[in-house]
Amino acid sequence: MEKSVNRIYGFLRKYVFWPLFRILSSAIVGTGVVWLFLEPYFFITKTTEVPYSFWSFIVFAGFIGFGWFLFNGYCLAGYLKRSVVIRGHSDTSITIKFGNIFKQKGWKAISVNDFFDSKVDGEVIDSSSLHGQVIKEYWQDDGRAWKQAISTSLEKTETIEKAPSRSKGNQLRYPIGTTASNRDKKFLFVALGQTDPKTHEVSANAESLIQAVKGLIKTARATCGNDPLFIPLMGSALGRVPGNQIVVTNLILTAIFEEAGEKKVTAPITLVLPPNNPDGINLQSIAVGWKKHG
């Protein structure tokens, strides 16, 4: 019940309350600007008759309000911006934008569990996760083919334990941050969350997210060359990293800039946020925050 209420409230906040607030505030600005010029005009010219109709006034104020809506949305408050560029202390710059990770042209980073499981059955791997979507769409739902495609890059990685009691999925567990690559389809798969051997539930925290992103960037440095690297908002959904999307975004940025500070990374790097922007993220405010304190 509580989840349903929160979902309804989130929908109303995004699609009703905030748009209505922006429209009303812009309308007030437009009306105020027109009235600001009309009042001294009537005072100076001593005009008593209004030379235009009420609806002309409304239309003119509407044009000004709409112009303010666009100017404020793109240049000041930034609520209409769909992408920004953030630069750290190193030479690395990161673009943040809304979009579909699978429609980007370049290397794509996908988070997986620490067992590098390959069975998309809704229990071991959820079909709605990016991990599940990649196997279904790019390997025709053939988990064995996906596992074979990344096996070479995992051969040199030492496992941290074996879980023979696990009823489904792989038994070898890899360290968080372990990254497997596939050059044919240009994917990087990074171990982000720890998996419960019995329930198969994956969980992560801020520390493991930073560790995973750093491991990803190290592999990207040796693998991607100067090809673009696209990173989704890892850990914000099934990864269960605590905090909203803004917190997760800043954690990923922190990890990238920390790793980039040690040595140059592939360029350009783009952080791709969900296109529907459920949390109402303001990219401009994130960019300003990093410019001041990043």
Side-chain angles (χ1 to χ4, degrees), residues 10 13-14 18 22 70-111 129-130 133 179 186-188 190 192 204 206 208-221 224 226-239 241-262 264-294:
R13 183 185 66 176
K14 178 183 177 182
W18 272 112
R22 298 297 184 189
L70 295 178
F71 178 74
N72 189 34
Y74 284 107
C75 302
L76 298 179
Y79 49 81
L80 292 179
K81 276 196 171 183
R82 300 294 293 178
S83 67
V84 294
V85 178
I86 297 178
R87 292 177 174 82
H89 297 302
S90 63
D91 293 334
T92 301
S93 63
I94 303 173
T95 299
I96 308 178
K97 72 175 185 178
F98 298 105
N100 186 329
I101 184 68
F102 296 119
K103 292 184 178 181
Q104 313 306 315
K105 295 182 179 180
W107 285 85
K108 305 170 189 64
I110 303 295
S111 62
S129 67
L130 294 182
Q133 291 179 53
T179 304
K186 289 191 174 182
F187 277 105
L188 294 174
V190 56
L192 168 63
S208 61
L209 176 59
I210 291 176
Q211 184 178 348
V213 174
K214 285 187 173 183
L216 166 69
I217 296 302
K218 287 179 181 178
T219 302
R221 182 186 290 124
C224 301
N226 284 322
D227 290 339
L229 172 63
F230 297 92
I231 304 174
L233 202 60
M234 301 189 300
S236 63
L238 297 179
V241 175
N244 58 29
Q245 290 189 346
I246 298 177
V247 172
V248 175
T249 298
N250 283 316
L251 287 173
I252 293 175
L253 292 173
T254 299
I256 295 174
F257 283 129
E258 283 186 2
E259 185 61 33
E262 298 182 9
K264 180 178 172 60
V265 188
T266 180
I269 297 176
T270 302
L271 181 58
V272 183
L273 307 186
N276 56 359
N277 190 18
D279 282 0
I281 294 177
N282 188 319
L283 297 183
Q284 179 75 358
S285 64
I286 294 177
V288 171
W290 272 91
K291 187 175 181 180
K292 291 181 178 179
H293 309 293

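- Side chains of Lys214 and Gln211 form no contact here, defined as non-hydrogen atoms less than 4.5 Å apart.
- Separating the CD1 atom in Ile286 from the CD atom in Gln245 is a distance of 9.5 Å, to the nearest 0.5 Å.
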Worksheet entry | CA sep, side-chain torsions, deciding dist, call: Asn282, Val288, side chain to side chain contact (heavy atoms under 4.5 Å, CB included) | CA-CA 10 Å; Asn282 188 319; Val288 171; over 6 Å; no
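- Annotation for Pro232 and Leu271: closest pair O-CD1, 3.6 Å, computed over non-hydrogen atoms.
- Minimum heavy-atom separation, Lys186 to Asp227: NZ-OD2, 3.4 Å.
- Here the straight-line distance linking atom OG1 of Thr249 with atom CG of Leu233 works out to 4.5 Å at 0.5 Å rounding.
- A donor-acceptor contact shorter than 3.5 Å links the side chain of Arg82 to the backbone of Pro275.
- The minimum heavy-atom distance linking Val85 with Arg87 is given by the pair CG1-NH1, 3.7 Å.
- A side-chain contact (heavy atoms from CB on, under 4.5 Å) with Ile256 is found for exactly one of Leu251, Leu216, Val213, Leu229, namely Val213.
- Among all heavy-atom pairs drawn from Leu192 and Ala212, the shortest one is CD1-CB, 3.7 Å.
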Practice prompt. Please test Trp290 against Thr254 for side chain to side chain contact (heavy atoms under 4.5 Å, CB included), starting from the C-alpha separation and ending with a verdict.
Written response: CA-CA 10 Å; Trp290 272 91; Thr254 299; 3.7 Å; yes
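- For the atom pair CD of Glu258 and CD1 of Ile217, the computed distance is 12.0 Å after rounding to the nearest 0.5 Å.
- Considering only heavy atoms from C-beta on, Leu253 comes within 4.5 Å of Ile96 through its side chain.
- Residue Thr95 is tested with Ile269, Thr270, Val84, Leu283 for a side-chain contact (heavy atoms from CB on, under 4.5 Å); the sole match is Thr270.
- The two residues Phe257 and Ile86 have their closest heavy-atom pair at CZ-O, 3.8 Å.
- Looking only at distances, no side-chain donor or acceptor of Lys105 sits under 3.5 Å from a matching main-chain atom of Lys103.
- At a threshold of 4.5 Å between non-hydrogen side-chain atoms, the residues Val272 and Phe102 do not count as touching.
- Heavy atoms only, all atoms of each residue included: Phe230 and Ile101 are closest at CB-CD1, 3.6 Å.
- Leu188 is listed as a side-chain neighbour of Cys224, based on a closest heavy-atom distance under 4.5 Å.
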